[in-house]
Amino acid sequence: MEIWKHMKSGRMKIKEVLAAGKVGSELVVKGWVRSVRVGKNVTFIALNDGSCLASLQVVLDPAVPGYREICGLGTGSAVAVRGSLAESPAAGQKRELRGVELIVVGVGDESYPLQKKRHSFEYLRSIAHLRARTNTFGAVFRVRSSLAQAIHRFFAERGFLYVHTPIITANDCEGGGEMFRVTTLDMAGPPLASGKVDYSADFFGKATGLTVSGQLEGELFAQAFSDIYTFGPTFRAENSNTARHVAEFWMIEPEMAFADLMADAALAEEFFRYLCRHVLDNCCEDMDFFNDHLEKGLLERLEGVVDASFGMMEYDNAVDILKKAKAPFRYPVEWGCDLQTEHERYLTEQVVGGPLFILNYPKEIKAFYMRLNDDGRTVAAMDMLVPKVGEIIGGSQREERLDLLERRMVETGIDPSNLGWYLDSRRWGSSPHAGFGLGFERLVMYLTGMENIRDVIPFPRTPGHADF
RNA sequence: UCCCCAGUAGCUCAGUCGGUAGAGCAGGUGACUGUUAAUCACCUUGUCCGUGGUUCGAGUCCGCGCUGGGGAGCCA
């Protein structure tokens, strides 16, 4: 038995072969068959191992042991090939591997659901366990991985502490979102206390759920480490069924002490630019693929963001502009209402023609923790809007004054006694601080041109769907 | 949750006025070829989403249900 079949060290990734393989060298590649083109005198196999978008062309002549069986290989088979790298005489690829020996590691027969043709995203979603083996999803998940690492690098380079905030929480008032319940109680017959479920008998001695945001805990760490960020899973039990919502997603939430709303916006702008630049510079092959097959002009759009100066506009001003706009809006605009996606897109696309911050929203439409401005009617909130999607980042300066924070909690129906630990951060050494949140999947959508959030997360969880 | 659209071969889809189905791709066989989602010829494949109804007769019309998609709300 050939030892190279078992040795990981003997294997070269296709990305490396195509980028740096020496012509004439003998090497071993392992991967999955994308297509087999059989001839009488020569057979071509397109082999892909996920290390890059491109497949490696493997050329086999009938002298190769087991040639007949190899010709019958189905799409999706896993194989190992030993051969020598050569200049390719035909168009389509610079290099190819002249196979000397091929071992079928795992057979893929004709029932393999992925064919060497285009499939709809809807169909691929139904076989999410296999779709990563396609060009589009290969590219999506390589970019997603690269972006995640770039996000950590961005914050590491700026001295931000990476904090793991809890996933199980007893705060039922973090955000507006509905929470998933976490319990070990017997659902068939839970202990009752005066007719209601008695959560004091539950695992944690109180009602708990999955986090809808790490922000509150993040703020506490910012009051110790100055600059921090979270990047982790987040859960919303909303019955939302749209191309932009999933029940489980990943969120990035930086928080800075001794920072105001302007510093917050500056960070958001720098962060967003950095990530656009990152995919353009580091995911070229995959980004070119998206640009060619998914969204013509994607690269131009992102280059535009990198070069653009980000606009800034007061909410008051935005409302004035929208009220004067001739565009036919589905929803009318009045001071005090939240901006709809159509309004946001009008502002960023038609009025400014680039990324735009909207600042200082009416306090009635924003969360309790946002800092009350001196005018008494607005809070120090900021939304970052971008063409094509509207809001992509939302943030604020937090209310650092204990009395005002408590008053806002009461006004919005939150019992301050449930968040004593949060209020403590304002009790001793409170500093002005600010932060924002960015949904990771929405970022991936924006940067790849993918239009359904279920296609940028490996195994999406949506109402009625927790497969795989 | 609300509004719209769709469900036909393994996949993508066509199916006229109501008369029990067809193409391309995939698969099989053969030919041919330094091929590029190869090409050419021939062949195979159906619970027409389910259910009830109208009708002599339903893929087609109607009701209900299920599933998927798009839009809205909520939001990241």
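Numbers restart at 1 for each chain; the letters A, B, ... are given by sequence-line order, proteins then strands.
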Task: Strand-adjacent residues in residues 444-455 of chain A, judged by heavy atoms under 4.0 Å from RNA chain B - done: A:Asn452, A:Ile453, A:Arg454

Open item on the list: Please report the distance separating the C1' of B:A23 from the corresponding atom of B:G15, rounded so that it comes out in whole Å.
Closed with: 11 Å

Task: P gap between B:G18 and B:G73, integer Å - done: 39 Å

TODO: Using atom CD of A:Glu391 as one end and atom P of B:G73 as the other, report the distance to the nearest whole Å.
DONE: 13 Å

Task: d(NE2, A:His245; C1', B:G73) in whole Å - done: 9 Å

Open item on the list: For A:Phe272 together with A:Tyr446, are the ring centres under 6.0 Å from each other?
Closed with: yes

TODO: Select one nucleotide: of B:G69, B:U36, B:C75, the one nearest the side-chain heavy atoms of A:Arg125.
DONE: B:G69

TODO: Take atom CD of A:Glu238 and atom C1' of B:U1, then tell me their distance rounded to the nearest Å.
DONE: 11 Å

Open item on the list: Using a 4.0 Å heavy-atom cut-off, does A:Phe436 contact any base of the nucleic acid, only the sugar-phosphate backbone, or nothing at all?
Closed with: nothing

TODO: Indicate, with a heavy-atom threshold strictly under 4.0 Å, whether A:Ala46 touches base, sugar-phosphate, or nothing.
DONE: nothing

- [ ] Just grab all the ring-ring contact (aromatic ring centres under 6.0 Å, His included) pairs involving residues 31-71 of chain A, residues at least two apart or on different chains.
- [x] none

Open item on the list: Give me the distance, rounded to whole Å, that separates B:A38 from B:C5 when you measure between the P atoms they each carry.
Closed with: 39 Å

TODO: Report, as a single string ordered 5' to 3', how protein heavy atoms within less than 4.0 Å touch nucleotides 4-15 of chain B: B base, S sugar-phosphate only, - not at all.
DONE: ------BBS---

Open item on the list: Rounding to an integer number of Å, can you tell me how far A:Asn41 CG sits from B:C32 P?
Closed with: 10 Å

Open item on the list: Do A:Met370 and A:Glu399 have side chains that approach each other closer than 4.5 Å (heavy atoms only, starting at C-beta)?
Closed with: no

- [ ] Tell me whether the centres of the aromatic rings in A:His164 and A:Tyr162 are closer together than 6.0 Å.
- [x] yes

Open item on the list: Using modelled atom types and a 3.5 Å cut-off, is there a donor and acceptor pairing between side-chain atoms of A:Glu255 and backbone atoms of A:Tyr229?
Closed with: no

Open item on the list: Once you measure the plane-to-plane angle for A:Phe137 and A:Phe121, does it fall in the parallel (<30°), tilted (30-60°) or perpendicular (>60°) bin?
Closed with: perpendicular

TODO: Using the test salt bridge (Lys or Arg N to Asp or Glu O under 4.0 Å), find all partners of A:Arg98 that sit at least two apart in sequence or belong to another chain.
DONE: A:Glu96

Open item on the list: Suppose we define a pair by two distances each less than 3.5 Å, Watson-Crick or G-U wobble; what does B:U47 pair with here?
Closed with: none

- [ ] Ignoring backbone atoms, test whether A:Arg244 places a side-chain nitrogen or oxygen under 4.0 Å from the OP1 or OP2 oxygen of B:G71.
- [x] no

Task: Heavy-atom side-chain proximity of A:Leu339 to A:Leu347 below 4.5 angstrom - done: yes

Open item on the list: In whole Å, I'd like the distance from the CG atom of A:Asp338 to the P atom of B:G73.
Closed with: 10 Å

Open item on the list: Could you check whether any side-chain N or O of A:Arg408 sits under 3.5 Å from a backbone N or O of A:Leu372, counting only pairs where one atom can act as donor and the other as acceptor?
Closed with: no

Task: Parallel, tilted or perpendicular: ring planes of A:Phe468 versus A:Phe459, cut at 30 and 60 degrees - done: tilted

Task: Nearest-Å distance once atom P is located in both B:A41 and B:C32 - done: 16 Å

Task: Any donor-acceptor N/O pair under 3.5 Å between B:C74 base and A:Ser240 side chain - done: yes

Open item on the list: Whole angstroms only, please: what is the CD-C1' distance between A:Glu342 and B:G71?
Closed with: 12 Å

Open item on the list: Just so I know, are the side chains of A:Met262 and A:Leu359 near enough to count as touching, which here means a heavy-atom distance under 4.5 Å?
Closed with: yes

Open item on the list: Just to verify, what does A:Phe141 make a ring-ring contact (aromatic ring centres under 6.0 Å, His included) with, not counting sequence neighbours?
Closed with: none

- [ ] Would you confirm whether the ring centroid of A:Phe231 sits within less than 6.0 angstrom of the ring centroid of A:Phe160?
- [x] no

Task: Whole angstrom value for the distance that separates C1' of B:C75 from OH of A:Tyr361 - done: 13 Å

Open item on the list: Within the 4.0 Å heavy-atom criterion, would you say A:Arg34 contacts the bases, only the backbone, or no part of the nucleic acid?
Closed with: nothing

- [ ] For nucleotides B:C13 and B:A26, find the distance between their C1' atoms and express it as a whole number of Å.
- [x] 14 Å

- [ ] Check every strand shown and say whether A:Glu441 touches a base, only sugar-phosphate, or nothing at a heavy-atom separation below 4.0 Å.
- [x] nothing

TODO: Pick base, sugar-phosphate or nothing for A:Ser126, based on heavy-atom distances below 4.0 Å to the nucleic acid.
DONE: nothing

Between N or O atoms, less than 3.5 Å apart, protein on one side and nucleotides 38-42 of chain B on the other: list the pairs.
residue: B:A38; atom: OP1; partner: A:Lys116; partner atom: NZ; Å: 2.6
residue: B:A38; atom: OP2; partner: A:Ser35; partner atom: OG; Å: 2.9
residue: B:A38; atom: OP2; partner: A:Arg37; partner atom: NH1; Å: 2.8

Open item on the list: At 4.0 Å (heavy atoms only), tell me whether A:Ile393 reaches a base, stays on the sugar-phosphate, or touches nothing.
Closed with: nothing

Open item on the list: Distance check needed: B:C3 P versus A:Asn239 CG, whole Å only.
Closed with: 14 Å

